[in-house]
Structures are given as C-alpha cells and as structure tokens.
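Notes follow once the structure below has been shown.
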There are 2 protein chains.
Amino acid sequence: MTLTIGEVSKKTNLSVPTLRYYDREGLFPGLQRESGIRKFSDKELAGIQVIECLKKSGLSIPDIKQFMDWTTMGSETFEERKDLFVNQRAQVEKQLNDLKRVDNLLRYKCWYYEMAMKLGSEEAVKAIPFDKLPKQIQENFPYEH
Amino acid sequence: MTLTIGEVSKKTNLSVPTLRYYDREGLFPGLQRESGIRKFSDKELAGIQVIECLKKSGLSIPDIKQFMDWTTMGSETFEERKDLFVNQRAQVEKQLNDLKRVDNLLRYKCWYYEMAMKLGSEEAVKAIPFDKLPKQIQENFPYEH
DNA sequence: TTAAACCCTAAAGTTGACTTTAGGTAAAGG
DNA sequence: CCTTTACCTAAAGTCAACTTTAGGGTTTAA
C-alpha cells in the first residue's frame, strides 16, 4: 500500500524533483521512509490533491505547509483550517469573476476580427451601430464609457 | 488628449516602472514622445486593456508584443490576430474549468471542517453515509474512486 | 534658489517555484 | 562483474515579470 517517489510521479504528473522539493518544504509531514527511501501512502496521495487545489487557489508553499502542519494537530486547529478554505474559496470566486470578464473581452475580439476579415477593414466593424451588433456582443460590450 | 506616465499609472493601477517596462518590451508601438517624455493617448489606454486581458489569458510579454506588432500592420494580419484570440479563449475556457473544479473541492473542504467542528472530529464526518450528505456535496464529491 | 514633484535611462536585484547538476548508494538483470 | 535503473542529498541555476537603485534632467511653487 505504499508507493515509491517514481510511482507517485507517474500517478500525479508531478516530477520526481518536485515531489522531493515539496517534501523538503514540509508538505508531507510524517512521510515514512524505509532505509532512506520515501514511502508514499494514501495519506500523501490525498495530500497531493489538496496541495494542488490550494496552489491553484493562489496559496504559497509556506502557507500550504502551515495547513499541512495543522492537519497533524487534531481538533484544536479545525477553525484555522476551515477559515483557510473559506478564504481561498473567496479568492477563487474572485479569480473566476476576473476570468469571466477576460473571456468576454476575448469573445468580443474573436467576433471583431472575424467581422474585420469579412468586411475587409477594422473601420467597417467599428462603423456598425450598436443596435446592429449580435446580442451576445451587445451584452458584453467592452470598454467603459 | 494625452496623458503622462504618472497619470496612466493612476488610471490603470499599473506602476510607473511597469509601464516603462512594457514600453521597453515593445508593447506600445508608435508611442509618442515630446522632448523625451512619453505621451499616452487613447490608443495606448485601449492597448493596456488588451495587454491585461491577454496576460490574464496566459500570454507572455513577447507574445503580446507580437500581437501589438500585428495591430500596426493592417488587414494582412487579421487572420493571425483572430487565431490568437481564438486560441487564448480556449486557454481561458480550460482555466475556467480547472478553477471550477478547484472551487468544488474548496466548497467540500469548507463543509467538511464546519461539520468536523460541529461533530467534534473528522472521523465523525467521514462516517456520514454518502446518501446523508447535502446534495451540493454529493454532486461534487471529490476523490476519484 | 532651492526643494518638491515630475520625468528619463541603464543595470542590477527580487521572487517563487521549480529544475538541473554533481556526486553517491543499492538492487536487479544479463 | 558490470551496467542499468531507481533511489538519495546539497547546492547551484533558471525563468518571467517586475522592482529597485543610482544617476541625471526639467518644471513649479514658496
């Protein structure tokens, strides 16, 4: 029920040096070894899922280590852990909103250049009156005025 | 109708050194100067919107410069520009999907620790049978099995 | 007339998250 | 036996996108 670092690497698509680096940074508290060789268990595999998630939410390695340390401390750190997740969720909501706005602008630009190709010039696209634009474009028209 | 670098900085929340850096990297082709001093016009302000957008979509500074160069070249580069935006949109869709999965896991973890606090232990939370979990949690239950 | 508040450049420094390098140990297969 | 393969460490290197530093010019306001 334990895996070597190479096996974990294949399973997770994290490079072997990255896994060693995570270990060095304290992201696998209590990781077992047998004659110097790391033995990864289900606990570490689940840990990696959480690490990836927290990383994508914008948390730094030291802050992830902090969380991992909390997980070794039992019920006295439930609140800290919950607060961390609540905070990171708020961060992710922000990121999602931001990305949606980016998506809208990109969508507009795709349409804009498609029309420019059809009409032969950017000026022709800009000359289209607002109420003649596709609804999709109208609804998410960029540039504050 | 032109702004100094400091005024643009205030308007965009990009630092003055960042704006100079962008200029150095060629992100403002055709930026005017008066006795050595940069004069930002509406064209550059609109450019900054696009730069920010492309950056958030994952494009590097050199690739953004490439795009900015295309914009100076007229209709012969419409296709390249459209393709770029189509590609970046695909990237952003990927990012959005990824972030939504992150959001789901965070949502689960928030619930998990809230329950752990109520019930007094993680074991008690893990012992809840699947069909007794809230629907929200059931639908987005983490960990592939 | 001097100090504050702008503007400018070139070049070096910073940051976080890895990656690479150099050097070494241990088991397995031919 | 010897080569391959997988493991280990410590330390140095990389990368992108800025930021900071050092040095200098010009205009404005007291």
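Reminder, nothing fancy here: chain letters follow the sequence lines and each chain counts from 1.
When rounded to the nearest whole Å, the span between CZ of A/R20 and P of C/dT21 equals 15 Å. Remark: P of D/dT5 and CD of A/E7 are 17 Å apart, rounded to the nearest angstrom. Whole-Å rounding puts the B/D23 CG to C/dC8 P distance at 9 Å. Rounded to whole Å, the distance from CG on B/L54 to P on D/dA17 is 12 Å. To the nearest angstrom, C1' of C/dG16 lies 10 Å from CD of A/E25. What separates CD1 of A/I5 from P of C/dT25 is a distance of 20 Å, to the nearest Å.
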Could you write out each protein N or O paired with an N or O of nucleotides 17-20 of chain C at a distance under 3.5 Å?
| from | atom 1 | to | atom 2 | distance (Å) |
| --- | --- | --- | --- | --- |
| C/dA17 | OP2 | A/I61 | N | 3.4 |
| C/dC18 | OP2 | A/Y22 | OH | 3.0 |
| C/dC18 | OP2 | A/K55 | NZ | 3.0 |
| C/dT19 | OP2 | A/S15 | OG | 2.9 |
| C/dT19 | OP2 | A/T18 | OG1 | 2.4 |

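The hydrophobic cluster containing A/F141 also contains A/L105, counting ILVMFWY residues as joined when their side-chain heavy atoms lie under 4.5 angstrom apart, directly or transitively.
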Return all side-chain donor-acceptor pairs below 3.5 angstrom for residues 129-137 of chain B, not counting sequence neighbours, or 'none' if the list is empty.
none

Review item, side-chain donor-acceptor pairs of residues 54-63 of chain B, under 3.5 Å, at least two apart:
| from | atom 1 | to | atom 2 | distance (Å) |
| --- | --- | --- | --- | --- |
| B/K56 | NZ | A/D98 | OD2 | 3.3 |
| B/S57 | OG | B/L54 | O | 2.7 |
| B/S57 | OG | B/Q88 | NE2 | 2.9 |
| B/S60 | OG | B/D63 | N | 3.4 |

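The side-chain hydrogen bond (donor to acceptor under 3.5 Å, both in side chains) check on A/W70 picks up A/Q66, with sequence neighbours excluded. Remark: B/R107 pairs with B/D103 by the side-chain hydrogen bond (donor to acceptor under 3.5 Å, both in side chains) rule, at least two apart or across chains.
Proximity of the aromatic rings of B/Y108 and A/F85 is defined here by a centroid distance below 6.0 angstrom, and this criterion is not met.
Within residues 29-39 of chain B, the residues having any heavy atom under 4.0 Å from DNA chain C are, by residue number, B/R33, B/G36, B/I37, B/R38.
Taking 4.0 Å as the cut-off between side-chain N and carboxylate O, B/R89 and B/E93 count as a salt-bridged pair. One finds no salt bridge joining A/R81 and A/D69 here, because no Lys/Arg side-chain nitrogen approaches an Asp/Glu carboxylate oxygen to under 4.0 Å.
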